[in-house]
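Below is one structure; the comments refer to it alone.
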Amino acid sequence: MSSPLRKRDIRRQYVHQKLRRRLKIFLVMLAVMSGVSIYDIIIDKISIYLALLAVGMGLCVGYLVGSISKIRWHEEESIVIAKMDRTGIVILILYISFSISRRWIFDHWIHGATLSAFSFSFAAGAIFGRFMTTRIKISKILKERNF
């Protein structure tokens with residue numbers, strides 16, 4: 001079994017820099033969103049059960065979006081890349097539309113400060129789902145290539 005340092009070197013060598021940067025951005029966004037969600041739970045803006053429901057819903061959306069994204073092996077450069085295609089652009093437009101209208105969508109059930117806390121928890125779940133799906137796809141491609 002290879003050491004963690006070796007795995008890191010393999011990722012650095014065989015995963016495109018833009019894709020690694022995207023994963024780092026996901027992690028930073030996840031940390032911020034999770035921090036805000038935890039703070040909202042602590043100050044009792046939202047119940048832990050409602051926050052977990054939002055995270056679960058977000059995870060489903062994140063996995064769905066992540067499963068549709070195109071991550072593949074680039075033969076000429078011998079690296080894993082993520083390609084933004086029409087499907088990715090449509091998903092991005094839908095995600096932005098959802099982000100803008102989430103208050104209208106969820107306002108039927110949740111109101112005020114709880115709605116904001118619910119939205120942060122939902123976003124944290126979606127980002128985590130997208131991050132995990134991307135990591136799983138990268139690992140699968142690297143395993144197929146025996147790295």
Side-chain angles (χ1 to χ4, degrees), residues 1-41 45-46 48-110 114-147:
M1 181 165 233
S2 60
S3 68
L5 182 61
R6 176 136 168 74
K7 287 181 182 180
R8 175 184 257 166
D9 292 338
I10 288 172
R11 282 189 214 109
R12 190 172 286 144
Q13 184 175 357
Y14 294 107
V15 178
H16 194 262
Q17 182 180 1
K18 287 183 181 180
L19 185 53
R20 288 193 325 255
R21 190 177 312 126
R22 182 184 303 175
L23 287 173
K24 288 176 186 174
I25 290 169
F26 284 159
L27 277 178
V28 169
M29 290 172 50
L30 177 62
V32 170
M33 295 293 182
S34 297
V36 170
S37 296
I38 291 169
Y39 177 75
D40 287 340
I41 292 169
K45 220 184 238 188
I46 188 171
I48 193 164
Y49 302 111
L50 191 57
L52 289 175
L53 175 68
V55 169
M57 290 171 58
L59 273 170
C60 292
V61 170
Y63 277 118
L64 178 67
V65 170
S67 66
I68 296 173
S69 65
K70 305 266 184 180
I71 296 174
R72 63 182 179 88
W73 181 258
H74 191 276
E75 290 293 336
E76 293 173 8
E77 295 183 34
S78 296
I79 57 173
V80 180
I81 62 169
K83 184 178 179 188
M84 183 67 109
D85 58 349
R86 286 185 192 137
T87 307
I89 293 169
V90 168
I91 289 170
L92 181 63
I93 290 169
L94 289 174
Y95 184 72
I96 291 169
S97 300
F98 174 77
S99 295
I100 292 170
S101 64
R102 71 176 173 245
R103 290 197 185 277
W104 177 78
I105 294 170
F106 292 126
D107 196 34
H108 299 288
W109 301 282
I110 306 167
T114 306
L115 178 59
S116 295
F118 185 87
S119 297
F120 273 106
S121 297
F122 183 88
I127 292 167
F128 185 66
R130 183 79 193 272
F131 173 79
M132 289 306 297
T133 307
T134 304
R135 290 256 340 222
I136 289 167
K137 284 184 169 189
I138 291 169
S139 295
K140 184 179 175 185
I141 291 170
L142 291 175
K143 282 180 185 176
E144 288 173 357
R145 301 289 174 185
N146 296 321
F147 292 118

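Computation of the quantities below employed the complete heavy-atom set of this structure, encompassing side-chain atoms and omitting hydrogens, waters and symmetry-equivalent molecules. Quick note: residue numbers are just sequence positions, from 1.
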Handout entry: Spacing of Asp40 atom CG and Phe118 atom CZ [to the nearest 0.5 Å]
Key = 12.5 Å

Problem - Gap separating the CD1 atom of Ile48 from the CD1 atom of Ile38, nearest 0.5 angstrom - result: 9.0 Å

Problem - Leu64 backbone acceptor or donor facing Ser67 side chain under 3.5 Å - result: yes

Problem - From CD1 (Ile25) to CZ (Phe131), nearest 0.5 Å - result: 12.5 Å

Practice task
Just do the side-chain contact (heavy atoms from CB on, under 4.5 Å) check on Tyr14 and Ile141 with the steps written out, would you?
Solution key: CA-CA 10 Å; Tyr14 294 107; Ile141 291 170; over 6 Å; no

Handout entry: Any donor-acceptor N/O pair, Lys137 side chain to Gly66 backbone, under 3.5 Å
Key = yes

Handout entry: Qualifying residues under side-chain contact (heavy atoms from CB on, under 4.5 Å), relative to Glu75, sequence neighbours excluded
Key = Trp73, Arg145

Handout entry: Within 6.0 angstrom of Leu27 CG, more than 12 heavy atoms from elsewhere
Key = yes

Handout entry: Heavy-atom side-chain contact between Arg130 and Arg22 under 4.5 Å
Key = yes

Exercise for the section: Could you tell me the separation between the NE2 atom of His16 and the CD1 atom of Ile79, rounded to the nearest 0.5 Å? Expected result: 4.5 Å

Practice task
Decide yes or no for Val55 and Phe128: does some side-chain heavy atom of the first lie under 4.5 Å from some side-chain heavy atom of the second?
Solution key: no

Handout entry: Ile138: side-chain contact (heavy atoms from CB on, under 4.5 Å) partners, not counting sequence neighbours
Key = Val15, Leu19, Leu23, Ile71, Val80, Thr134, Leu142

Exercise for the section: Return yes if some donor-acceptor pair links the side-chain N/O of Ser37 with the main-chain N/O of Ala117 below 3.5 Å, else return no. Expected result: no

Completion exercise
Distance col, row Phe26:CZ vs Thr133:OG1, nearest 0.5 angstrom, shows 9.5 Å

Exercise for the section: Over all heavy atoms of both residues, which pair between Ala51 and Ile41 is shortest? Give the atoms and the distance, please. Expected result: CB-CD1, 3.7 Å

